[in-house]
Amino acid sequence: MRINGTPHSMTIDNRTTLLDVLRERLGLTGSKKGCDHGQCGACTVLLDGERVNSCLMFAVTAEDREIVSIEGVADLADGAALHPVQRAFLDHDGLQCGYCTPGQICSAIGALGEAGRGWPSHVTEDTAAGVADASALDAREVRERMSGNLCRCGAYNGIVEAVLEAAGAQGPQDTATAATSAAGGAR
């Protein structure tokens with residue numbers, strides 16, 4: 001498997017998760033073990049450009065695949081020191097303790113890629129048409145697309161603003177979406 005652009009060959013037990021390989025075998029500790037059940041998103045990485053919960057994926061299934069963890073995200077930016085999503089998280093205070101931030105950032109990159117391909121979400125007005133591109137997202141769409149990533153500190157407003165900025169989207173939050181964020185997370 002290729003992790004952050006570097007090929008890795010290793011012998012592992014076929015029950016070993018991708019998260020455990022990243023953290024325990026390769027020392028890439030940016031991806032966090034939050035719930036170990038795929039419910040919090042702290043372990044999110046990109047697999048061939050798609051976001052996955054690495055705690056639910058057996059590492060052997062990643063053979064011949066490209067994995068990008070938070071340690072490799074900046075390399076996705078064209079020569080910039082930080083990926084635009086990383087920069088937006090900093091600019092909008094989309095983090096507090098930082099534990100969930102690596103998974104949030106990887107998930108946001110994956111979500112923006114999905115939107116860029118026109119994929120609809122549960123809240124997309126016309127699911128048959130999808131979305132025009134990532135810049136067409138609004139706060140409601142971002143909350144839905146990021147709902148698999150939990151932030152125990154409650155930095156959801158900053159996270160949503162960061163994802164919208166990275167998407168090139170604009171638009172103030174309305175009070176209904178702000179209340180949803182405060183009451184139940186990035187939905």
So, for [X] and [Y], which heavy atoms are closest and what is the spacing to 0.1 Å?
X      : Y      : answer
Ala155 : Cys151 : N-SG, 3.3 Å
Cys43  : Ser54  : O-OG, 2.7 Å
Cys40  : Gly34  : SG-CA, 3.7 Å
Gly5   : Glu66  : N-OE2, 3.3 Å
Ala167 : Leu112 : CB-CD2, 3.5 Å

- Go through Glu141 and Val123 one step at a time and tell me if the side chain to side chain contact (heavy atoms under 4.5 Å, CB included) criterion holds. CA-CA 6 Å; Glu141 278 278 355; Val123 300; 3.9 Å; yes
- Would Ser121 and Glu144 count as having a side-chain donor-acceptor pair, cut-off 3.5 Å? no
- Query: Between Arg51 and Ser107, does any side-chain donor sit less than 3.5 Å from a side-chain acceptor?
  - Reply: yes
Which distance, rounded to the nearest 0.5 Å, do you find between the [atom1] of [X] and the [atom2] of [Y]?
X      : Y      : atom1 : atom2 : result
Cys35  : Asn53  : SG    : CG    : 7.5 Å
Cys55  : Lys32  : SG    : NZ    : 14.0 Å
Gln86  : Cys106 : CD    : SG    : 8.5 Å
Thr101 : Asn149 : OG1   : CG    : 10.5 Å
Asp48  : Arg2   : CG    : CZ    : 11.0 Å
Tyr156 : Ser147 : OH    : OG    : 9.5 Å

If you group Ile, Leu, Val, Met, Phe, Trp and Tyr by side-chain heavy-atom gaps below 4.5 Å, do [X] and [Y] land in one group?
X     : Y      : result
Leu90 : Leu76  : yes
Leu19 : Ile109 : no
Val85 : Val160 : yes

- So which residues get pulled into Trp119's cluster when ILVMFWY side chains under 4.5 Å apart are joined, directly or through others? none
- Message: Taking transitive links into account, so neighbours of neighbours count too, which hydrophobic residues share a cluster with Met1 at under 4.5 Å side-chain distance?
- Response: Ile3, Met10, Ile12, Leu18, Val21, Leu22, Leu26, Leu28, Val45, Leu47, Val52, Met57, Phe58, Val60, Ile67
Are [X] and [Y] within salt-bridge range, i.e. N to O under 4.0 Å?
X      : Y      : answer
Asp138 : Arg140 : no
Asp20  : Lys33  : yes
Arg117 : Glu50  : yes

- Task: Inspect the surroundings of CG in Asp78 and state if more than 12 heavy atoms from other residues, nucleotides or ligands are less than 6.0 Å away.
- Result: no
- Dump the intermediate steps for side chain to side chain contact (heavy atoms under 4.5 Å, CB included) on Leu137 and Arg145, then the final yes or no. CA-CA 10 Å; Leu137 297 179; Arg145 290 170 188 269; 3.5 Å; yes
Within the side chain of [X], is there an N or O that forms a donor-acceptor pair under 3.5 Å with the backbone of [Y]?
X      : Y      : result
His92  : Gly94  : no
Asn4   : Glu71  : no
Gln104 : Ile159 : no

- Passes side-chain hydrogen bond (donor to acceptor under 3.5 Å, both in side chains), Thr29 versus Arg23? Steps please. CA-CA 5 Å; Thr29 57; Arg23 291 183 60 80; 4.8 Å; no
- Task: Would you please test Ser135 and Asp133 for side-chain hydrogen bond (donor to acceptor under 3.5 Å, both in side chains) and show each step?
- Result: CA-CA 5 Å; Ser135 67; Asp133 60 31; 2.5 Å; yes
